[in-house]
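Structure, as C-alpha cells:
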Amino acid sequence: MRKYRPDPVPETEIKKILDAANQAPSAMNRQQWEFIVVTKTETIRELGISFGAVIEELTRNLPASSGHGSLSREEFIRFAETYGGAPVAIVVLTDRVDTEDFRRANLESASAAMENLLLAATALGLGTCWMTGPLQDGKALRRILSIPDTKELVAVTPLGYPAEVPPAPARIDPDLVQKVRWVR
Ligand SMILES: Cc1cc2nc3c(=O)[nH]c(=O)nc-3n(C[C@H](O)[C@H](O)[C@H](O)COP(=O)(O)O)c2cc1C
C-alpha cells in the first residue's frame, strides 16, 4: 500500500503485529531482530524529507514515467517524502555481524519476522509496504532514530489504514510451470 489514511493505529494493534513478528523462526533460535516503532508525526516527516531528497537524486536521470513498478517518478518521490501519509513507520533491525554466513542468517531471520509483521498487519485490516529504499538514506535514518552501528538496517514499512488498495500485481508464473520442478 502506498496511500494511507491519517487515522492513528491503536498501540494494542501495533503490539499484536509486533508479537506476530517476534514469533518468526530464526537461525539457531537467536531471535536477534529488533523493531523501532515511530508514531511521532514530526519524526516520520523528518525521515521522509531526507529519504525523498535521496530518491529525487537517485532518479534524476530517469524518465518521468519510470519510478518504482507502476509509480511515476513524481509519485515515487512523493511516496518516499511522506511514507504515503502513514501515521506509523516501523524499522526492522538485526545484529551486525562480520561473517557472511551469520550475516545471511540474521538477514533471513529478520526477513521472516518482517513477513510475519506484514501478514499480521494485513489480517488486522492495516496496510504496509516492505521497503529497503530507505536504506539508501541509512546515515540519516541512523542519526534521526539513534541507531548504533552494532545494528544492521533490514527494512522499513509504513503502517496505517489504507486509503487506496491497489490490485495485486500479476504473478510472472501464476501456474508455477517454470518456477517449480517436482522430483517425484
Ligand atoms: C526486499 C523488498 C524491498 C522492497 N523495497 C521497496 C521500496 O524500497 N519501495 C517500495 O515502494 N516498495 C518496495 N518493495 C515492495 C515491492 O515493490 C512490492 O512487494 C512488489 O512490487 C509486489 O507488490 P505486492 O507486494 O503488492 O505483491 C520491496 C519489497 C521487498 C520484498
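Indexing begins at 1, ligand by ligand and atom by atom, following the structure's order. In what follows, residues are counted from 1 in the order of the sequence shown.
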Query raised in the report: Heavy atom of Arg171 under 4.0 Å from ligand 1?
Result: yes
Report task. Do me a favour and list the nearest non-hydrogen protein atom to atom 7 (C) of ligand 1 with residue, atom name and distance? Result -> Met131 CA, 3.6 Å
Query raised in the report: Within the side chain of Arg96, is there an N or O that forms a donor-acceptor pair under 3.5 Å with the backbone of Asp149?
Result: yes
Report task. From atom 8 (O) of ligand 1, work out which of Gly133, Pro166, Pro134 has a heavy atom at the shortest distance. Result -> Gly133
Query raised in the report: Heavy atom of Ala168 under 4.0 Å from ligand 1?
Result: no
Report task. Note the single closest protein heavy atom to atom 13 (C) of ligand 1, along with its residue, its atom name and the distance in Å. Result -> Trp130 O, 2.9 Å
Report summary line: Among non-hydrogen protein atoms, atom 17 (O) of ligand 1 lies closest to His68 NE2, 2.9 Å
Query raised in the report: Does the protein put a heavy atom less than 4.0 Å from atom 25 (O) of ligand 1?
Result: no
Report summary line: Rounded to the nearest 0.5 angstrom, the CZ-CD distance for Phe102 and Gln32 is 10.0 Å
Query raised in the report: About how many Å separate CE of Met114 and CG of Leu119, when rounded to the nearest 0.5 Å?
Result: 11.0 Å
Query raised in the report: atom 23 (O) of ligand 1: which protein heavy atom is closest, and how many Å away?
Result: Pro169 CG, 3.4 Å
Query raised in the report: In terms of side-chain geometry, is the basic nitrogen of Arg60 or Glu57 positioned less than 4.0 Å from the acidic oxygen of its partner?
Result: yes
Query raised in the report: Short question: side chain of Glu75, backbone of Ser72 - any donor-acceptor pair under 3.5 Å?
Result: yes
Query raised in the report: atom 12 (N) of ligand 1: which of Met114, Met1, Arg2 has the nearest heavy atom?
Result: Arg2
Requested in this report: Before giving the answer on salt bridge (Lys or Arg N to Asp or Glu O under 4.0 Å), spell out for Arg78 and Glu81 the whole-Å C-alpha distance, their side-chain angles and the decisive distance to 0.1 Å.
Outcome: CA-CA 5 Å; Arg78 183 96 195 107; Glu81 252 170 21; 3.3 Å; yes
Report summary line: Quick look: Cys129 vs ligand 1, heavy-atom contacts under 4.0 Å, and the answer is side chain
Query raised in the report: Of the options Leu135, Leu107, Asn106, which is the one that meets Glu152 in a side chain to side chain contact (heavy atoms under 4.5 Å, CB included)?
Result: Leu107
Query raised in the report: Going by heavy atoms, is Gly69 under 4.0 Å from ligand 1?
Result: no
Query raised in the report: With a 4.5 Å heavy-atom cut-off, do Thr150 and Asp95 have their side chains touching?
Result: no
Report summary line: The protein heavy atom nearest to atom 5 (N) of ligand 1 is Thr132 N, 3.1 Å
Query raised in the report: Do protein heavy atoms approach atom 31 (C) of ligand 1 to less than 4.0 Å?
Result: yes
Requested in this report: Using atom types as modelled and distance alone, determine if a side-chain donor or acceptor of Arg171 lies under 3.5 Å from a backbone N or O of Pro169.
Outcome: yes
